[in-house]
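Inspection log for the structure reproduced underneath, given as structure tokens.
Protein chains get the first letters and strands the later ones, always in sequence-line order, with residue 1 at the start of each. The model shown is predicted, which means the values in this text are computed figures rather than measured ones.
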There are 2 protein chains.
Amino acid sequence: MAGEEPGRRMAARSKRSDAVRNQQALLTAAAEVFTTSGVNAPIRQIAARAGVGLATIYRHFPTRADLVTAVYHHQIEACADAGPALLASADTPLAALRQWVDLFVDFLVTKHGLADALQSDSASFATLHAYFLDRLLPVTARLLDAAVEAGEIRPGTQPYELLRGIGNLCIGRDDNPDYDPRRLIDLLLRGLRSEA
Amino acid sequence: MAGEEPGRRMAARSKRSDAVRNQQALLTAAAEVFTTSGVNAPIRQIAARAGVGLATIYRHFPTRADLVTAVYHHQIEACADAGPALLASADTPLAALRQWVDLFVDFLVTKHGLADALQSDSASFATLHAYFLDRLLPVTARLLDAAVEAGEIRPGTQPYELLRGIGNLCIGRDDNPDYDPRRLIDLLLRGLRSEA
DNA sequence: TAATATGCGGAACAACGATCCGTTTTGTCA
DNA sequence: TGACAAAACGGATCGTTGTTCCGCATATTA
């Protein structure tokens with residue numbers, strides 16, 4: 001990626017220093033605003049906190065999803081990586097699945113409005129949805145397959161279904177402190193188990 | 001405050017005919033717009049179709065939830081009434097619960113964006129949320145209790161949890177035709193069953 | 001018919017997402 | 001170094017939507 005030629009001249013111009021500085025400032029500001037006001041906070045608010053203009057934020061992150069993705073990139077990757085690790089360390093595949101789901105739920109629940117955004121039909125969030133699926137679907141599939149193969153759960157459940165169900169159940173936890181998605185997700189996983 | 005209270009003095013003035021006509025036109029227009037553009041359609045669109053001004057819609061239905069509630073009032077009542085009826089007609093309480101949940105899901109799924117609105121943290125939808133809970137929570141509780149008493153499901157599940165979980169799982173079905181909440185809800189109910 | 005409560009319509013304001021354009025900054029090369 | 005063009009910037013601006021306000025119209029009643 002460093003050898004791109006932005007035109008005909010050979011010496012690729014390096015990225016301007018103010019650009020990278022602003023991008024960093026935006027990431028920091030967005031992370032702060034997201035935790036205080038949720039991932040649906042007004043763009044202006046983020047731009048203001050970063051001390052940049054409106055166009056700058058759109059230039060670096062064309063859609064809101066791009067910004068959200070960038071902010072949570074590391075955590076999403078960590079969650080994806082945790083899948084195989086848990087499969088190796090847990091007692092049984094189903095236990096690994098449970099622990100991984102716990103991780104995933106923790107992630108979703110601590111980011112205000114993230115679960116909501118994930119299922120939003122807004123076009124701005126389409127790429128976020130895609131990114132989550134791209135990284136987490138294979139992990140879910142592997143965990144499910146392992147549990148099926150071990151005879152712990154019934155076959156036939158699609159990874160997408162499970163991921164989506166978990167995401168959906170995490171929606172709207174913010175306003176209602178006495179709603180705990182984990183209990184319902186536990187029911188869901190329980191319903192997955194093979195009979196007898 | 002020696003001033004006379006409006007409408008107290010003499011025979012209460014009957015409602016103006018244009019007012020009731022407009023209210024009816026708004027209900028019809030809203031029902032149409034809701035089915036085509038979802039329950040989050042712009043207020044202006046509804047007002048335009050009804051052929052009334054903006055203020056008129058706000059006068060009759062101060063919040064969007066009031067309009068939604070009015071439009072779906074009959075169906076919500078029918079859903080609530082179906083609970084006891086199914087309990088009487090079904091083979092077992094759990095079967096009744098399943099059938100009733102099916103009804104509820106059908107209702108939610110056919111109203112675009114209704115499930116989304118139900119869990120929305122927007123203040124406009126607070127009263128809608130409250131209305132649903134007010135009518136359907138007792139029904140859910142009765143179905144759950146009966147199934148517990150019959151030993152078909154484990155005790156300990158709160159009616160609100162179940163209702164909310166079902167509602168959440170129905171969110172966002174519109175955009176993704178290959179997402180069927182019913183399968184996940186079936187898993188949820190399966191997870192409810194008492195151990196053999 | 002006249003008086004008045006009641007209701008009406010649309011202008012107006014605010015918040016937000018998204019875009020556009022004149023200006024500034026930065027890196028490069030003579 | 002100094003000038004130039006690409007790159008980036010900032011904020012004005014537009015379009016959309018929710019919500020309120022106010023002068024005007026009208027149905028009802030006396």
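Look at CD1 on Ile43(B): it is 9 Å from C1' on dT17(D), rounded to the nearest Å. Between the C1' atom of dT26(C) and the CD atom of Gln23(A) lies a distance of 17 Å, rounded to the nearest Å. The CG-C1' distance, from Leu26(B) to dC8(C), rounds to 12 Å in whole Å. Straight-line distance from the CZ atom of Phe125(A) to the C1' atom of dA18(C): 15 Å, rounded to whole Å. Spacing between atom NZ of Lys15(B) and atom C1' of dC8(C) amounts to 17 Å, rounded to whole angstrom units. The distance between atom CD of Gln45(A) and atom P of dA14(C), rounded to the nearest whole Å, is 19 Å. Atom pair Ile46(B):CD1 and dG9(C):C1' shows a separation of 17 Å (rounding to whole Å applied). We find that CG of Asp18(B) is positioned 6 Å from C1' of dG7(C), with the value rounded to whole Å.
In this structure, the nucleotide among dT19(D), dA12(D), dG17(C) sitting nearest to the side chain of Leu54(A) is dA12(D). Comparing dT20(D), dT26(C), dG7(C) by their nearest atom to the side chain of Ser17(A) picks out dT26(C). Comparing dG27(C), dG11(D), dG17(C) against the side chain of Ser14(A) picks out dG27(C) as the nearest. The listed nucleotides are dG10(D), dA11(C), dA18(C); the one nearest the side chain of Thr56(A) is dG10(D). Nearest to the side-chain atoms of Ala19(A) among the listed nucleotides dA8(D), dG10(C), dT20(D) stands dA8(D). Here the nucleotide nearest the side chain of Val52(B), chosen from dG10(D), dG9(C), dA11(C), is dG9(C). Picking from dG17(C), dG18(D), dT19(C) the nucleotide with the shortest atom distance to the side chain of Pro42(A) gives dG17(C).
At least one side-chain nitrogen or oxygen of Asn22(A) sits closer than 4.0 Å to the OP1 or OP2 atom of dC9(D). Between Arg16(A) and the phosphate of dT25(C), there is no side-chain N or O to OP1/OP2 separation shorter than 4.0 Å. Under 4.0 angstrom from either OP1 or OP2 of dC8(C) there lies at least one side-chain N or O belonging to His60(B). When the side-chain nitrogen and oxygen atoms of Arg44(A) are compared with OP1 and OP2 of dA15(C), none of them lie within a distance under 4.0 Å.
Counted by atom type alone, Gln45(A) and Ser37(A) present one or more donor-acceptor pairs between their side chains at under 3.5 Å. With 3.5 Å as the limit, one finds a donor-acceptor pair spanning the side chains of Asn176(B) and Tyr160(A). Of the N and O atoms on the side chains of Gln23(A) and Lys15(A), not one donor lies less than 3.5 Å from an acceptor on the other residue.
Taking the nucleotide of DNA chain D with the nearest heavy atom to each of Arg59(B) and Ser124(B), the more 5' of the two is matched to Ser124(B).
Using a 4.0 Å cut-off between charged side-chain N and carboxylate O, Glu77(B) and Arg135(B) make a salt bridge.
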Verdict with reasoning, Arg154(B) to Arg190(A), per side chain to side chain contact (heavy atoms under 4.5 Å, CB included): CA-CA 12 Å; Arg154(B) 289 175 300 123; Arg190(A) 191 181 286 266; 3.1 Å; yes
